[in-house]
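By convention in this document, chain letters (A, B, ...) are assigned in the order of the sequence lines, proteins followed by strands, and residues within each chain are numbered from 1.
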Number of protein chains: 2
Amino acid sequence: MARLPIYQRLLLELVRSGTRTVSSEQLAQMAGVNASKVRKDLSFLGSFGTRGSGYDAEYLLTQIDRELGLDGDWPVAIVGIGNLGRALANAPGFTSRGFRVSALFDVEPSLVGTRVRGVPICHLDEFEAAVAADPPAIGVIATPPADAQHVADRMVRAGTRAILNFASRVLTVPAGVLLRNVDLSIELQVISFHLSHHEEGGDAGGGLVPPTVGPVGGPYGLARAEQ
Amino acid sequence: MARLPIYQRLLLELVRSGTRTVSSEQLAQMAGVNASKVRKDLSFLGSFGTRGSGYDAEYLLTQIDRELGLDGDWPVAIVGIGNLGRALANAPGFTSRGFRVSALFDVEPSLVGTRVRGVPICHLDEFEAAVAADPPAIGVIATPPADAQHVADRMVRAGTRAILNFASRVLTVPAGVLLRNVDLSIELQVISFHLSHHEEGGDAGGGLVPPTVGPVGGPYGLARAEQ
DNA sequence: TAGATTGTTAATCGATTAACAATC
DNA sequence: TAGATTGTTAATCGATTAACAATC
């Protein structure tokens, strides 16, 4: 379920601030979603709540971590170390529990040999050799669109099981490989669409939420509207 | 509709390569979606197709551009010019038709006064003064999570009608302001979830598509699976 | 006319939500 | 026991898709 990572982050903050138990109503408020939805989402993991008092925050967090596979080790290879690739290599989400940046690649000679957070940037020509010892489970494509399919093909051949693509290009991968796309210009165009269709801004929020109460917008439903 | 930007990009390529007409079946193949869905999406704009032959690519592109508001002028202000902010300021999607990077902000003294693509980076303290002459329609937040809400508040006070938030923090905005969130670590966690639940990779694709045919994965449905 | 393809209907599917019995 | 909150059911809603009459 796409909302588990949101609950995970909220629970992490709660646990760190010393909260012992949390109700679905509280989590819903913080995530900006419906309490029924929170309970439905969490019941997907099993019956971890206690009627009358709520959920044990720490235990729930452990269960979500396990469900998300964050107790595993996912080596991540990033190809294309421009500003975006560099941002990703440095992002907390890419270096935190579960994930490990295992290899970086580019074709720019001045970049090859330099390091980002201790990981050396290799030339794309050395891709197969560089990943052989520590094959990445996840490949991240942050190249220009023209190179994206080629890079994806090499990742797939090297055994990568999932690809996160930031290039504005439709990619083709075999059925066994998971592909997710993030396109920053599409986000901007979705906003443009909503702005054009609501004279005074508006509560469009991707059309995912009721207009008068609750959160506005966002693919992850992270926002809360003020009352 | 969230797929219009995908059709827009595909049509732009088709028109540039000289294609005159395109069928819903062709567009569906290229976008990795169902042909019925394409026709349904396009009929939302009006009846622009011709039975028996398909859609006039150039005319359809014009209509989609208009629907997406790409014939307008959307000034974009970016706060937080780290690697991510810099990548965004340079991204084609942020400088192409419809959008214009109008102002950049950071709090790092060594950055203030430098330029990205000709746009000077101002100190965040000067935000109100800097945007007064050319108020941004869209604000982009690429700051650390701790600063995100503060920046959002200032954007809203300055009249920004939409915010694109890249910080891993739930933001609160008034009901009239459109908020969209992009969280890179959530994308990774979604992948981790699917990898943990499918021993041999798998065609999970966000669970949005049938397993044996058609596209895999991605919030935008950009991918095509090989047959 | 024959073939192709749209636009739209109706069926299906899955996600969301309110409601409430179960129960701490 | 009384109050609170879960887990789950059933209703609702919207999105997807197959099918096909309309029509170029």
Side-chain angles (χ1 to χ4, degrees), chain A residues 1-4 6-7 11 14 19-57 59-60 63-64 190 204-221, chain B residues 1-4 6-7 11 14 19-57 59-60 63-64 190 204-221:
Chain A
M1 194 65 72
R3 284 177 299 268
L4 284 182
I6 301 166
Y7 303 143
L11 284 166
L14 286 173
T19 304
R20 305 300 273 276
T21 63
V22 62
S23 69
S24 60
E25 187 57 56
Q26 287 175 289
L27 267 178
Q29 283 252 331
M30 287 185 291
V33 298
N34 186 290
S36 282
K37 198 187 285 185
V38 171
R39 291 200 294 279
K40 192 92 168 186
D41 289 345
L42 296 183
S43 74
F44 173 70
L45 309 177
S47 295
F48 296 138
T50 306
R51 290 166 199 235
S53 63
Y55 300 87
D56 180 295
Y59 183 66
L60 186 56
Q63 294 304 317
I64 292 182
V190 170
L208 297 171
V209 289
T212 51
V213 301
V216 293
Y220 311 117
Chain B
M1 194 66 71
R3 284 177 299 268
L4 284 183
I6 302 167
Y7 303 143
L11 284 167
L14 286 173
T19 304
R20 304 300 275 274
T21 63
V22 62
S23 70
S24 60
E25 187 56 57
Q26 286 174 290
L27 268 178
Q29 283 251 333
M30 287 185 291
V33 298
N34 186 291
S36 284
K37 198 187 284 184
V38 171
R39 291 200 293 279
K40 192 91 166 187
D41 290 344
L42 296 183
S43 73
F44 173 69
L45 309 177
S47 295
F48 297 139
T50 305
R51 290 166 199 236
S53 64
Y55 301 86
D56 180 294
Y59 183 65
L60 186 57
Q63 294 304 318
I64 292 182
V190 169
L208 298 172
V209 289
T212 50
V213 300
V216 293
Y220 311 117

Mind calculating the distance between [atom1] ([X]) and [atom2] ([N]) to the nearest angstrom?
{"X": "A/Asp41", "N": "C/dT17", "atom1": "CG", "atom2": "C1'", "value": "12 Å"}
{"X": "A/Asn34", "N": "D/dC13", "atom1": "CG", "atom2": "P", "value": "14 Å"}
{"X": "B/Leu42", "N": "C/dG7", "atom1": "CG", "atom2": "C1'", "value": "11 Å"}
{"X": "B/Gln63", "N": "C/dT6", "atom1": "CD", "atom2": "P", "value": "16 Å"}
{"X": "A/Asp56", "N": "D/dT6", "atom1": "CG", "atom2": "C1'", "value": "15 Å"}
{"X": "A/Met1", "N": "C/dA15", "atom1": "CE", "atom2": "P", "value": "6 Å"}
{"X": "A/Lys40", "N": "C/dT17", "atom1": "NZ", "atom2": "P", "value": "12 Å"}
{"X": "B/Leu60", "N": "C/dG7", "atom1": "CG", "atom2": "C1'", "value": "14 Å"}

Is there a side-chain contact between A/Val33 and A/Ile6 (heavy atoms, below 4.5 Å)? no
Counting C-beta onward and ignoring hydrogens, is there a side-chain heavy-atom pair between A/Ile64 and A/Leu42 closer than 4.5 Å?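 The answer is yes, as the side chains (C-beta and beyond) meet within the 4.5 Å cut-off.
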Salt bridge (Lys or Arg N to Asp or Glu O under 4.0 Å) against A/Asp41, all qualifying residues, sequence neighbours excluded: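 In terms of salt bridge (Lys or Arg N to Asp or Glu O under 4.0 Å), with neighbours along the sequence ignored, A/Asp41 is linked to A/Arg3.
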Candidate pair B/Gln26 and B/Leu14, rule side chain to side chain contact (heavy atoms under 4.5 Å, CB included), full reasoning: CA-CA 11 Å; B/Gln26 286 174 290; B/Leu14 286 173; over 6 Å; no
Distance from B/Met30 atom CE to B/Leu11 atom CG, nearest 0.5 Å? 7.0 Å
The reported gap from CG in A/Leu60 to OG1 in A/Thr21 (rounded to nearest 0.5 angstrom) is 11.0 Å
Given axes from five pairs at either end, by how many degrees does the helix from C/dG3-D/dC24 to C/dC24-D/dG3 bend, rounded to 10°? 10°
Atom pairs, N/O to N/O, protein against nucleotides 1-5 of chain C, distance under 3.5 Å?
unit_1 : atom_1 : unit_2  : atom_2 : d
C/dT5  : O4'    : B/Gly52 : N      : 3.1
C/dT5  : O2     : B/Gly52 : N      : 3.4

Strictly by side chain to side chain donor-acceptor pair (under 3.5 Å), give each pair with a member in residues 43-53 of chain B just once, sequence neighbours left out. none
ring-ring contact (aromatic ring centres under 6.0 Å, His included): pairs with one or both residues in residues 19-45 of chain B, sequence neighbours excluded: none
In short, ring-ring contact (aromatic ring centres under 6.0 Å, His included) pairs touching residues 21-41 of chain B with sequence neighbours left out are none
Select base, sugar-phosphate, or nothing to describe what A/Phe44 touches, counting heavy atoms under 4.0 Å on all strands.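 Nothing: the residue A/Phe44, judged by heavy atoms under 4.0 Å, touches no strand.
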